Amino acid sequence: MREAATNRGVADRLHSAAIHLLRRLRRHDEAMGLTPARASALSMIVFGGPVTLGSLARAEQVSAPTITRLIVGMERDGLVRREADEQDGRVAWLHATPKGTRLLHEGRQRRVAALADDLNRLSDADRATLAAAADILERMLGGGSRDAGPRPVRQAARTR
């Protein structure tokens with residue numbers, strides 16, 4: 001009983017800290033000129049590789065029409081492109097363009113630099129503790145990737 005209460009307390013603190021950290025770092029995203037929804041969807045495509053509209057909608061927890069509207073705007077702005085699946089014409093793969101990839105990598109660099117500046121103000125012991133905690137969180141979350149759940153797998157015949 002006591003262990004469950006302790007776990008809930010730790011979970012509550014981690015939840016709160018994660019939200020505050022993301023809000024703090026999100027301020028650096030304004031330089032990308034993307035809405036949070038666009039930045040999130042583009043991040044899935046850039047860092048997760050080509051994805052279908054359906055997989056992206058599930059990962060972003062939005063409806064197919066919502067993700068379609070988002071992608072149409074991102075295509076118009078030159079951030080993503082669609083590619084028809086060679087095996088199944090009903091399936092379209094979303095790819096980040098060089099512009100979209102550059103934008104996301106620059107945004108990530110700004111967020112990481114801001115967080116590194118915060119870490120510089122900590123003691124060596126606190127930084128070591130946070131490094132160990134990051135290892136634990138990555139293991140707990142299955143490697144630290146933005147897992148969108150099952151993604152359609154490209155056929156082996158596809159080359160690129």
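In this text, all values refer to a predicted model and were calculated from it rather than measured experimentally.
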Can you name the nearest heavy-atom pair linking [X] to [Y], along with the distance?
X: Arg38; Y: Gly73; result: NH2-C, 3.1 Å
X: Ser40; Y: Glu60; result: OG-OE1, 2.6 Å
X: Met44; Y: Ala59; result: CE-CB, 3.6 Å
X: His95; Y: Glu83; result: NE2-OE1, 3.4 Å

Subject >> Leu21 with Val112, same ILVMFWY side-chain cluster at under 4.5 Å >> reply: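 Unlinked, Leu21 and Val112 end up in two clusters.
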Original post:
If two hydrophobic side chains count as joined below 4.5 Å and joins carry through other members, does Leu103 share a cluster with Phe47?
Top reply: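 Yes, Leu103 and Phe47 fall within the same hydrophobic cluster.
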Original post:
Side chains of Arg82 and Ile71: closer than 4.5 Å at any heavy-atom pair?
Top reply: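 In contact.
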Original post:
Under a 4.5 Å cut-off applied to non-hydrogen side-chain atoms, are Leu79 and Leu34 in contact?
Top reply: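 They are in contact (side-chain heavy atoms under 4.5 Å apart), so the answer is yes.
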At what distance, to the nearest 0.5 angstrom, does [atom1] of [X] lie from [atom2] of [Y]?
X: Leu115; Y: Asn120; atom1: CG; atom2: CG; answer: 10.0 Å
X: Thr52; Y: Arg58; atom1: OG1; atom2: CZ; answer: 6.0 Å
X: His20; Y: Leu22; atom1: NE2; atom2: CG; answer: 11.0 Å
X: His28; Y: Gln109; atom1: NE2; atom2: CD; answer: 13.5 Å
X: Arg90; Y: Asp85; atom1: CZ; atom2: CG; answer: 10.0 Å
X: Thr129; Y: Asp124; atom1: OG1; atom2: CG; answer: 10.5 Å

Original post:
Does Arg24 CZ have over 12 foreign heavy atoms under 6.0 Å away?
Top reply: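 No, the 6.0 Å shell around CZ holds no more than 12 heavy atoms from other groups.
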Original post:
Would you find more than 12 non-hydrogen atoms of other residues, nucleotides or ligands less than 6.0 Å from Arg111 atom CZ?
Top reply: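 More than 12 within 6.0 Å, yes.
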**OP:** Please lay out, stage by stage, how Thr6 and Glu3 fare under the test side chain to side chain contact (heavy atoms under 4.5 Å, CB included).
**Re:** CA-CA 5 Å; Thr6 299; Glu3 185 176 316; 5.6 Å; no
Quick check against the 3.5 Å criterion: does [X] have a side-chain atom that pairs as donor or acceptor with the backbone of [Y]?
X: Ser43; Y: Ala39; answer: no
X: Arg127; Y: Leu122; answer: yes
X: Arg26; Y: Pro36; answer: no

Original post:
So Leu53 and Leu94, side chain to side chain contact (heavy atoms under 4.5 Å, CB included) or not? Walk me through it.
Top reply: CA-CA 7 Å; Leu53 279 168; Leu94 302 172; 3.8 Å; yes
Subject >> Residues Leu70, Val62; criterion side chain to side chain contact (heavy atoms under 4.5 Å, CB included); working and verdict >> reply: CA-CA 11 Å; Leu70 195 68; Val62 297; over 6 Å; no
Original post:
With Val80, which of Val72, Val46, Thr101, Ile45 fulfils side-chain contact (heavy atoms from CB on, under 4.5 Å)?
Top reply: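 With Val80 as partner, side-chain contact (heavy atoms from CB on, under 4.5 Å) holds for just one option, Ile45.
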**OP:** Check step by step if side chain to side chain contact (heavy atoms under 4.5 Å, CB included) holds for Met32 and Leu42.
**Re:** CA-CA 11 Å; Met32 287 191 300; Leu42 186 57; over 6 Å; no
